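What follows is a short report on a single structure.
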Amino acid sequence: MRQRAAANGVDEALVVATDLPTSARAIAMSQEFPGWYATVGVHPHDCGGFNTTTVAALRELAGNRCVRAIGESGLDFYRDHQPRELQERAFRAHCRLAADLDLPIVIHQRDSLDAVEGVLREELGAAGGVMHSFTGPPASVPRFVDLGMHISVSGIVTFKRADEVRATAAAVPDDRLLIETDAPYLAPTPMRGRRNEPAYLAHTAAMVASVRNVSVSSLRATTTRNARELFRCAPTP
């Protein structure tokens with residue numbers, strides 16, 4: 001997978017965790033592959049047993065030098081796999097941990113844009129973060145940019161009926177734009193139906209470059225620079 005990624009121009013990556021076991025695996029992958037980094041966190045789908053012990057475990061994991069962000073965390077009011085009150089409690093704990101450690105936070109949101117914004121206005125730390133796989137309307141972009149957040153675009157931007165996502169991708173300021181896989185989900189066209197992986201990011205980059213009327217090389221330079229600055233990653237030797 002890493003070789004395929006490199007062959008398609010992806011030499012650096014952030015491996016995003018969704019619970020304590022995947023947090024440990026993300027760190028292990030980052031230690032194995034130079035230029036790959038990790039997050040630690042518990043997804044709202046998996047926050048059923050979230051408590052102070054979980055926070056302590058995340059804090060310990062975040063001490064690893066490969067960890068560059070907290071998350072993903074947030075609110076999912078579409079699936080509602082966990083009670084909303086519990087989701088919010090876990091989300092606030094992630095925000096406070098990120099602020100305490102001066103790390104950015106990776107945000108998941110679905111059908112919860114206003115609620116996520118409300119929590120961030122109260123809890124977001126100075127390091128900011130990223131709204132991952134963002135599908136909000138173009139008018140919502142300034143709300144999160146003004147808070148100090150970056151906006152990340154996934155393979156959804158290539159989908160046939162994703163006109164609004166393409167409009168949003170065009171509306172993000174240059175210095176706040178990121179692109180991502182959300183692997184193993186959301187493989188871009190023409191790879192839909194396959195397990196997503198970093199090599200496929202080239203298709204997402206091509207679409208985002210197109211809607212922003214820039215070259216792919218310029219788009220890659222912009223998003224790489226933004227990612228390195230947000231996650232404090234030096235260029236891969």
Side-chain angles (χ1 to χ4, degrees), residues 1-47 49-50 53-74 76 90 93-94 97-98 101-108 127-134 150 152-156 178-188 191 193-205 220 223-237:
M1 179 179 66
R2 188 168 185 269
Q3 290 78 8
R4 291 191 297 273
N8 284 274
V10 181
D11 297 309
E12 300 162 78
L14 186 72
V15 184
V16 178
T18 58
D19 56 21
L20 291 179
T22 56
S23 295
R25 288 202 294 273
I27 291 171
M29 289 181 67
S30 300
Q31 290 173 326
E32 182 178 359
F33 300 139
W36 286 36
Y37 301 93
T39 78
V40 296
V42 178
H43 192 284
H45 288 347
D46 302 307
C47 70
F50 194 93
T53 301
T54 313
V55 176
L58 290 173
R59 181 181 293 273
E60 182 175 359
L61 287 165
N64 187 283
R65 63 180 179 81
C66 295
V67 174
R68 299 305 168 91
I70 299 297
E72 67 185 272
S73 180
D76 193 309
H94 279 82
L97 179 63
L101 298 177
D102 193 30
L103 289 172
I105 186 165
V106 178
I107 303 297
H108 170 97
V130 55
M131 302 297 294
H132 110 87
S133 191
F134 192 71
H150 287 63
S152 185
V153 181
S154 70
I156 294 174
L178 299 175
I179 56 176
E180 65 171 276
T181 60
D182 197 24
Y185 310 110
L186 303 180
M191 300 299 180
R194 303 186 188 184
R195 180 184 176 88
N196 204 0
E197 61 177 77
Y200 299 165
L201 196 61
H203 302 289
T204 300
R220 286 184 173 186
T223 55
T224 298
R225 179 177 63 252
N226 292 344
R228 286 174 178 165
E229 290 177 355
L230 176 61
F231 301 117
R232 302 169 191 171
C233 303
T236 303

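The shown structure was predicted, so the numbers you read here are calculated from the model rather than taken from an experiment.
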Item checked: Counterpart residues, ring pair (Phe, Tyr, Trp, His ring centres under 6.0 Å), relative to Phe134 (two or more places apart) -> Phe144
Check: If you look only at pairs with a residue in residues 179-188, which of them pass as a side chain to side chain donor-acceptor pair (under 3.5 Å), with sequence neighbours excluded?
Finding: His132-Glu180, Ser152-Glu180
Notebook entry, point to check: Does anything in residues 2-19 pair up under salt bridge (Lys or Arg N to Asp or Glu O under 4.0 Å), and if so which pairs, sequence neighbours excluded?
Noted result: Arg4-Glu197, Glu12-Arg228
Next item on the list: Please report the shortest heavy-atom distance between Ile179 and Ala205, naming the atom on each side.
Entry: CD1-CB, 3.8 Å
Check: Which atom pair, heavy atoms only, marks the closest approach of His108 to Asp76?
Finding: NE2-OD2, 2.7 Å
Check: Can you name the side chain to side chain contact (heavy atoms under 4.5 Å, CB included) partners of Ala69, sequence neighbours left out?
Finding: Thr39, Pro104, Val106, Phe231
Item checked: ring pair (Phe, Tyr, Trp, His ring centres under 6.0 Å) partners of His203, counting only residues at least two apart -> none
Margin query: Can you list everything that forms a side chain to side chain donor-acceptor pair (under 3.5 Å) with Arg194? Sequence neighbours excluded, please.
Written below: none
For residues 57-64, which side-chain N or O atoms pair as donor and acceptor with protein atoms under 3.5 Å away, sequence neighbours left out?
unit_1 : atom_1 : unit_2 : atom_2 : d
Arg59  : NH1    : Asp100 : OD2    : 2.7
Arg59  : NH2    : Asp100 : OD2    : 3.0
Asn64  : OD1    : Cys66  : N      : 2.8

Notebook entry, point to check: Can you name the residues that form a side chain to side chain contact (heavy atoms under 4.5 Å, CB included) with Arg225, not counting sequence neighbours?
Noted result: Thr222, Glu229
Next item on the list: First locate atom CG of Leu97, then atom CD1 of Ile105, and finally report the distance between them rounded to the nearest 0.5 Å.
Entry: 8.5 Å
Check: Which heavy-atom pair separates Thr18 from Asp46 by the least distance, and what is that distance?
Finding: O-OD2, 3.4 Å
Next item on the list: Mark yes or no for whether His94, through its side chain, and Val42, through its backbone, hold a donor-acceptor pair below 3.5 Å.
Entry: yes
Table please: side-chain donor-acceptor pairs of residues 24-34 below 3.5 Å, with sequence neighbours left out.
unit_1 : atom_1 : unit_2 : atom_2 : d
Ser30  : OG     : Ala26  : O      : 2.9
Ser30  : OG     : Tyr37  : O      : 3.1
Ser30  : OG     : Ala38  : N      : 3.3

Next item on the list: To the nearest 0.5 Å, tell me how far Leu178 CG sits from His150 NE2.
Entry: 5.5 Å
Notebook entry, point to check: Between Thr204 and Pro188, which heavy-atom pair has the shortest distance, and what is it?
Noted result: OG1-CB, 3.7 Å
Next item on the list: Applying side chain to side chain donor-acceptor pair (under 3.5 Å), name anything that partners Ser23, two or more places apart in sequence or on another chain.
Entry: none
Notebook entry, point to check: Which value, rounded to the nearest 0.5 Å, describes the distance between Leu186 atom CG and Tyr200 atom OH?
Noted result: 13.5 Å
Next item on the list: Kindly determine whether Arg232 and Asp102 satisfy side chain to side chain contact (heavy atoms under 4.5 Å, CB included), including the steps that lead there.
Entry: CA-CA 11 Å; Arg232 302 169 191 171; Asp102 193 30; 3.4 Å; yes
Next item on the list: Just jot down the side chain to side chain donor-acceptor pair (under 3.5 Å) partners of Ser133, sequence neighbours excluded, or say none.
Entry: Ser154
